[in-house]
Amino acid sequence: MIHHEGIHHVSLIVADIERAKTFYREVIGLQEIQRPAFDFPGAWYAVGSGGQQLHLLVHEGETKRGGGIDTRDGHFAIRVTDFDATIAWLTECGIEHRHNRNSITGFSQIFLLDPDRNIIELNAAR
């Protein structure tokens with residue numbers, strides 16, 4: 001049997017690492033952390049205080065989605081502390097998003113796309 005401790009990291013494919021780093025630093029507010037000296041570009045970020053990480057990987061393959069925000073497509077979620085402040089911040093940054101304060105999940109959800117069209121969910125306790 002496998003005994004889980006939690007999710008260690010999520011990896012996302014990006015085309016332009018500098019553009020992606022700007023987005024995840026300035027819009028999402030993540031802190032970049034040390035990354036091993038791989039032979040390909042990328043960046044690692046700390047997510048929250050529990051040791052979880054986000055890894056950005058530059059890849060030129062055909063793995064990008066073409067559509068808009070689809071809440072049923074693959075995505076990762078980050079818990080935020082203030083739903084309304086997060087919506088206000090995304091609006092101020094000019095980031096298109098969809099939100100549902102009263103989701104049947106039991107928590108409020110915000111969905112958006114990063115510059116490479118990866119879907120991100122930001123959610124908050126109600």
Side-chain angles (χ1 to χ4, degrees):
M1 175 177 238
I2 298 174
H3 299 280
H4 305 101
E5 291 183 7
I7 292 177
H8 180 267
H9 73 270
V10 172
S11 293
L12 298 178
I13 302 230
V14 302
D16 180 331
I17 191 62
E18 292 308 319
R19 177 183 69 183
K21 286 170 69 170
T22 298
F23 176 83
Y24 282 96
R25 178 184 64 245
E26 295 181 11
V27 175
I28 303 300
L30 297 181
Q31 176 69 41
E32 190 170 357
I33 59 175
Q34 185 69 33
R35 177 181 181 261
F38 292 114
D39 63 354
F40 59 92
W44 287 9
Y45 293 89
V47 180
S49 60
Q52 295 88 8
Q53 300 175 6
L54 171 65
H55 297 178
L56 304 180
L57 310 171
V58 174
H59 187 282
E60 296 177 9
E62 295 184 32
T63 59
K64 310 289 188 294
R65 77 183 30 80
I69 300 170
D70 181 348
T71 61
R72 291 173 47 182
D73 200 347
H75 64 276
F76 73 100
I78 297 173
R79 179 58 61 109
V80 299
T81 58
D82 189 321
F83 183 77
D84 293 320
T86 301
I87 290 173
W89 174 250
L90 294 173
T91 301
E92 182 179 326
C93 291
I95 303 296
E96 178 184 358
H97 59 278
R98 293 174 47 191
H99 63 273
N100 184 352
R101 180 181 307 279
N102 298 309
S103 169
I104 64 170
T105 60
F107 46 87
S108 300
Q109 298 174 291
I110 306 165
F111 289 89
L112 62 139
L113 298 173
D114 77 2
D116 289 284
R117 309 196 66 71
N118 292 302
I119 299 172
I120 303 167
E121 174 184 337
L122 303 174
N123 63 49
R126 285 196 292 214

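When a residue number appears, it is its place in the shown sequence, counting from 1.
Under a hydrophobic clustering in which Ile, Leu, Val, Met, Phe, Trp and Tyr are joined whenever their side-chain heavy atoms come within less than 4.5 Å, directly or via other members, Leu122 and Val27 fall into the same cluster. Under a hydrophobic-cluster definition in which Ile, Leu, Val, Met, Phe, Trp and Tyr are linked whenever side-chain heavy atoms come within less than 4.5 Å, directly or via other members, Val80 and Trp89 are assigned to the same cluster. Following chains of ILVMFWY side-chain contacts shorter than 4.5 Å, one cannot reach Trp44 starting from Ile13, and the two form parts of different hydrophobic clusters. Phe23 and Ile119 end up in different hydrophobic clusters when Ile, Leu, Val, Met, Phe, Trp and Tyr side chains are linked at under 4.5 Å. Hydrophobic clustering (ILVMFWY, side-chain heavy atoms < 4.5 Å, transitive): Leu54 and Leu113 are in distinct clusters.
Asp114 and Ile120 get closest at one heavy-atom pair: CB-CD1, 4.0 Å. The two atoms that bring Leu12 and Tyr24 nearest to each other are CD1-OH, 3.3 Å, heavy atoms only. Between Arg126 and Ser108, the shortest heavy-atom distance links the atoms CG-OG, 3.2 Å. In this structure, Leu112 and Glu96 approach most closely via the heavy-atom pair CB-O, 3.6 Å.
Separation of the Phe111 and His75 ring centroids falls under the 6.0 Å cut-off.
In summary, Arg25 and Glu32 do not engage in a salt bridge, as defined by a charged side-chain N under 4.0 Å from a carboxylate O.
Relative to the ring axis of Phe107, Arg79 places its NZ or CZ within 45° and under 6.0 Å from the centre.
In this structure, OG1 on Thr86 lies 9.0 Å from CD1 on Ile28, to the nearest 0.5 angstrom.
No side-chain heavy atom of Gln109 sits less than 4.5 Å from a side-chain heavy atom of Thr71. In this structure, the side chains of Tyr45 and Ile33 stay at 4.5 Å or more apart for every pair of heavy atoms.
Exactly one of Leu57, Val58, Ile17 qualifies for a side chain to side chain contact (heavy atoms under 4.5 Å, CB included) with Phe40. That residue is Leu57.
Formation of a donor-acceptor pair under 3.5 Å by the His55 side chain with backbone atoms of Gln53 is not found in this model. A donor-acceptor pair under 3.5 Å is formed between the side chain of Arg117 and the backbone N or O of Gly67. In terms of modelled atom types and a separation under 3.5 Å, the side chain of Arg98 and the main chain of Ile69 share a donor-acceptor contact. When atom types are taken as modelled, the side chain of Asp116 and the backbone of Asn118 share no donor-acceptor pair closer than 3.5 angstrom.
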